[in-house]
K.L.:
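One structure follows; several queries about it will come next.
Side chains are part of it too, since the values below use all heavy atoms of this structure and drop only hydrogens, waters and symmetry mates. Each chain gets a letter, A, B and so on, in the order the sequences are listed, and its residues count up from 1.
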There are 2 protein chains.
Amino acid sequence: MESGYVTLEQVAEHAGVSLATASRVINGSTRQVSQRLRDKVTASAQELGYLANASAQTLARNSSSLVGLLVHDISDPYFSSIAAGVTRHTEEQGLVLVLGTTSRSAQTEGRILATLRAHRARAVVLVGSRSTDEESNRRLSEEILMFRRQGGQVACVSQEGLPADTVTPDNHTGAADLARRLIAQGHREFAILAGPTDLQTARERLDGFHSALSGAGLELAHHNVVHGAFTRDGGYESTRRLMAVGTDATCLFAVNDVMATGAMAALRDLGLRVPADLSVAGFDDIPTLRDLTPALTTVRLPLEEMGERAALLALEGEPSDQPRVITVRGEVVERESTAPPTR
Amino acid sequence: MESGYVTLEQVAEHAGVSLATASRVINGSTRQVSQRLRDKVTASAQELGYLANASAQTLARNSSSLVGLLVHDISDPYFSSIAAGVTRHTEEQGLVLVLGTTSRSAQTEGRILATLRAHRARAVVLVGSRSTDEESNRRLSEEILMFRRQGGQVACVSQEGLPADTVTPDNHTGAADLARRLIAQGHREFAILAGPTDLQTARERLDGFHSALSGAGLELAHHNVVHGAFTRDGGYESTRRLMAVGTDATCLFAVNDVMATGAMAALRDLGLRVPADLSVAGFDDIPTLRDLTPALTTVRLPLEEMGERAALLALEGEPSDQPRVITVRGEVVERESTAPPTR
DNA sequence: CTAGGCTAGGAAAGAGTTTTCCCGTGGGCC
DNA sequence: GGCCCACGGGAAAACTCTTTCCTAGCCTAG
């Protein structure tokens, strides 16, 4: 333990057995080893402070205990919630979690996936909404397939349609449920912070909301749908844009909570009160944002659980050809940010 | 590329050169290789889709590109902000970030550090407040030294006193500055949510606050200091306890923002208004929590930058014996959660 | 013209495991 | 008692790189 490393060979020598035997004892191989030698080896390992060299093991086994997790931005509480779920599972399995931050760049994503392949990562969990851009999807699919060909498993959160297992919220139904609740509350005119145009998740939520409106015989005016970044600042800025041209809406639906947060900030800066002047609803029910005032009406998603289940899919599953899809249903939680319209 | 892997040997063979030459070309060795062979090798590598096996490289070089990051809980926005900073640096250096979540368990921490050693991680960044418990500090120091003996570098955030480089906030001064501002605002009676008793950071902030009070000739009543978990729920619960026995304080200082968040929630539940009935101040200025209403008066820490600088320390520094300490000074930001007392 | 020094390239020795293959011993069965 | 099998143990190959050491060839200087 003095300095540097203790190798298995040293353990074997110290125990007076062969390298093979020592190895068999250490990693509890299927092969039988007599109790006597077993004890001697474990004692030696203990005494010398043996710690197996993970690289050598990976090389020999051609499989590591690394699990990748790709998110756009770990400081975004949406991603960090999911990350916590993934972490919980990898931690208790004794796996090593590699965190890759893509900053929404497909190129970075590709680079990280290659790195994970180079490390013979066992699995990777991809979080973040799928783009609707065909080209980038094709490239991502290619990467995923390459990963799988090399024996790795892939699971996605919120990214259906890729050649990998998926756990995804039912965005359409969730948004539609929410819309119906808001209609029941008395709202007739809505504005929507719809996020980026090329994001599958954002689009599904918009569609779901829209279709519930149609079902109730309501129109959604074109000028009441505004697109922008899927972030807090995107929500802020989108709201400013919306209010600059003016709106007749009594309720603002931001397709995710972080945008709703930005929206509420913008409205406050404009001197408007929520929900008195305008109701605001979000989507995700991010734990960290539950303390906003007024408390956000939103669609609850079990984010941490989703991360955990994705990890489970990636790590337990047989590498099947048919991607398994777990759909989780969101539940509308009505809080203080929405109220019957005063107009 | 068909399936499985392409090895360097295959590339060499395809290019009609030796393994050694191929290796030299691939990793741009110091040794000269003629342009002709160089081109042939790169072309072959490209054509075959060669990707170096990271484990083999680690084994051969006895050094990997893994960097560990240890936090208590990644879904806590304090940690995820710092993580974002660390990530930024590792990402642009092409390093691989391993995220370890300790759940505040020294045992888990030890386990993860051992895993990182087994992987020959190049460096590790430890985030989170040092305990004041001597025994666990001794054990952690031992782990760190072992890590360093094996060629790894260690840097800490908010954990001074360990045998490793550190970037730490000046908790004492920050809290004292805050106290003085609050006194200037007219407050004379304070209550403190002091966090866990055994947390160095919490204690320093309490001490700093306390000493500024003393400096102004003010007392801090014993019953106005309440301890509890360093979390949102800890803050909530501590506040309930505080209010249950009653307090004469006009201002409540929670030693970090997440506790302050819980405090504000508790006060709201009790029907008290902030700052009208009671002022509340925090510490950290966590970006995600800036949208709370009322906006929190707090001490701003450049969390992301702190993460980045810790990564820098761990990765640039010479392994020196004398731990380098970077102290960052927090800046008081006065917002809406504090106001002159009405009583 | 030869000795000596460079240089580019290759052979091979590691790096630390796992795992296959082989061997010797001992026990059970006829 | 002999044969076969099972089983515990070891030697060595395999995993894929990096790097050292060596060699052949060429150039230059004496």
K.L.:
Can you measure B:Leu19 atom CG to C:dA13 atom P for me and round it to whole angstrom units?
P.N.:
14 Å

K.L.:
If you apply the rule salt bridge (charged side-chain N to carboxylate O under 4.0 Å, His left out), what do you find for B:Arg111 with A:Glu91, and how did you get there?
P.N.:
CA-CA 10 Å; B:Arg111 194 168 50 69; A:Glu91 206 68 65; 3.5 Å; yes

K.L.:
May I ask you to say what B:Asn53 touches in the nucleic acid, namely base, sugar-phosphate or nothing, with a heavy-atom cut-off under 4.0 Å?
P.N.:
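The answer is sugar-phosphate, as B:Asn53 gets under 4.0 Å only of primed atoms, P, OP1 or OP2.
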
K.L.:
Of the candidate nucleotides C:dA8, C:dA11, C:dT17, which contains the atom at the shortest distance from the side chain of B:Ser34?
P.N.:
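Nearest nucleotide to the side chain: C:dA8.
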
K.L.:
For the pair made of CD in B:Gln10 and C1' in D:dC17, what is the distance, rounded to whole Å?
P.N.:
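My rounded result for the distance is 14 Å.
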
K.L.:
Listed by chain and number, what are the side-chain hydrogen bond (donor to acceptor under 3.5 Å, both in side chains) partners of B:Asp165, not counting sequence neighbours?
P.N.:
B:Arg324

K.L.:
Just to confirm, is there a sub-4.0 Å distance from OP1 or OP2 of D:dG10 to any side-chain nitrogen or oxygen of A:Thr21?
P.N.:
yes

K.L.:
Pick from A:Gln93, A:Glu305, A:Glu308: which one makes a side chain to side chain donor-acceptor pair (under 3.5 Å) with A:Arg88?
P.N.:
A:Glu308

K.L.:
Taking five pairs at each end of the helix from C:dC1-D:dG30 to C:dC30-D:dG1, what angle separates the two helix axes (nearest 10°)?
P.N.:
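Between the first-five-pair axis and the last-five-pair axis there is 50°.
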
K.L.:
Under 4.0 Å between any heavy atoms, over every strand shown, what does B:Leu37 touch: base, sugar-phosphate, or nothing? Just pick one.
P.N.:
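Contact class for B:Leu37: sugar-phosphate only.
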
K.L.:
Of the candidate nucleotides D:dC17, C:dT18, C:dG9, which contains the atom at the shortest distance from the side chain of B:Val33?
P.N.:
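My answer, after comparing the listed nucleotides, is C:dG9.
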
K.L.:
Does the pair A:Leu199 and A:Phe230 meet the rule for a side-chain contact (heavy atoms from CB on, under 4.5 Å), with working shown?
P.N.:
CA-CA 9 Å; A:Leu199 222 56; A:Phe230 220 39; 3.6 Å; yes

K.L.:
Report the nucleotide, chosen from D:dC17, C:dA11, C:dA15, that has the shortest atom-to-atom distance to any side-chain atom of B:Tyr50.
P.N.:
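Out of D:dC17, C:dA11, C:dA15, the nucleotide with an atom closest to B:Tyr50's side chain is D:dC17.
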
K.L.:
Could you tell me how far apart B:Glu9 (CD) and D:dC15 (P) are, to the nearest whole angstrom?
P.N.:
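In whole Å, D:dC15 P lies 9 Å from B:Glu9 CD.
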
K.L.:
Does B:Arg122 use its side chain to pair, donor to acceptor, with the backbone of B:Ser64 at less than 3.5 Å?
P.N.:
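Yes.
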
K.L.:
Expressed as a whole number of angstroms, how long is the span from A:Gln57:CD to C:dA15:P?
P.N.:
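Roughly 17 Å, once rounded to whole Å.
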
K.L.:
Rounded to whole Å, how long is the line connecting atom CG of A:Asn62 with atom C1' of C:dT17?
P.N.:
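Result: 13 Å.
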
K.L.:
Using whole Å, what does the distance between atom P of nucleotide C:dT17 and atom OH of A:Tyr5 come to?
P.N.:
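Answer to the nearest Å: 12 Å.
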
K.L.:
Taking the minimum atom-to-atom distance to the side chain of A:Ala56, which one of C:dT19, C:dG16, D:dT19 wins?
P.N.:
C:dG16

K.L.:
Please report the shortest heavy-atom distance between A:Ser158 and A:Tyr78, naming the atom on each side.
P.N.:
OG-OH, 3.5 Å

K.L.:
Please confirm whether the shortest side-chain N or O distance from B:Asn27 to OP1 or OP2 of D:dC17 is below 4.0 Å.
P.N.:
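Indeed not, no polar side-chain atom of B:Asn27 lies that close.
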
K.L.:
Determine, step by step, whether A:Glu142 and A:Arg138 satisfy the salt bridge (charged side-chain N to carboxylate O under 4.0 Å, His left out) criterion, reporting the C-alpha distance in whole Å, the side-chain angles of both residues, the deciding distance to 0.1 Å, and the verdict.
P.N.:
CA-CA 6 Å; A:Glu142 191 50 50; A:Arg138 203 192 49 67; 5.1 Å; no

K.L.:
Here's a test of your reading of the structure: between B:Ala20 and A:Arg61, which maps to the more 5' nucleotide of DNA chain C?
P.N.:
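Mapping each residue to its closest nucleotide by heavy atoms, the 5'-most match is B:Ala20.
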
K.L.:
Main chain of B:Val96, side chain of B:Ser65: is a donor-acceptor contact present, judged purely on distance under 3.5 Å?
P.N.:
no

K.L.:
In whole angstroms, how far is the C1' atom of D:dT16 from the CD atom of A:Gln150?
P.N.:
14 Å

K.L.:
Between A:Ala60 and B:Val17, name the one whose nearest nucleotide on DNA chain C is closer to the 5' end.
P.N.:
B:Val17

K.L.:
Under 3.5 Å, side chain of A:Thr166 to main-chain N/O of A:Thr168, donor-acceptor pair present?
P.N.:
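Flag not set: sc A:Thr166 to bb A:Thr168 has no pair under 3.5 Å.
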
K.L.:
Mind calculating the distance between CD1 (A:Ile26) and C1' (C:dT18) to the nearest angstrom?
P.N.:
13 Å

K.L.:
Looking at B:Thr108, B:Thr101, B:Thr102, which one forms a side chain to side chain donor-acceptor pair (under 3.5 Å) with B:His72?
P.N.:
B:Thr102

K.L.:
Any side-chain N or O of B:Thr7 less than 4.0 Å from the OP1 or OP2 oxygen of D:dT16?
P.N.:
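No, outside the criterion.
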
K.L.:
Below 3.5 Å between N/O atoms, which protein atoms pair up with nucleotides 21-27 of chain D? Just atom names and distances, please.
P.N.:
| residue | atom | partner | partner atom | Å |
| --- | --- | --- | --- | --- |
| D:dC21 | N4 | B:Arg31 | NH1 | 3.4 |

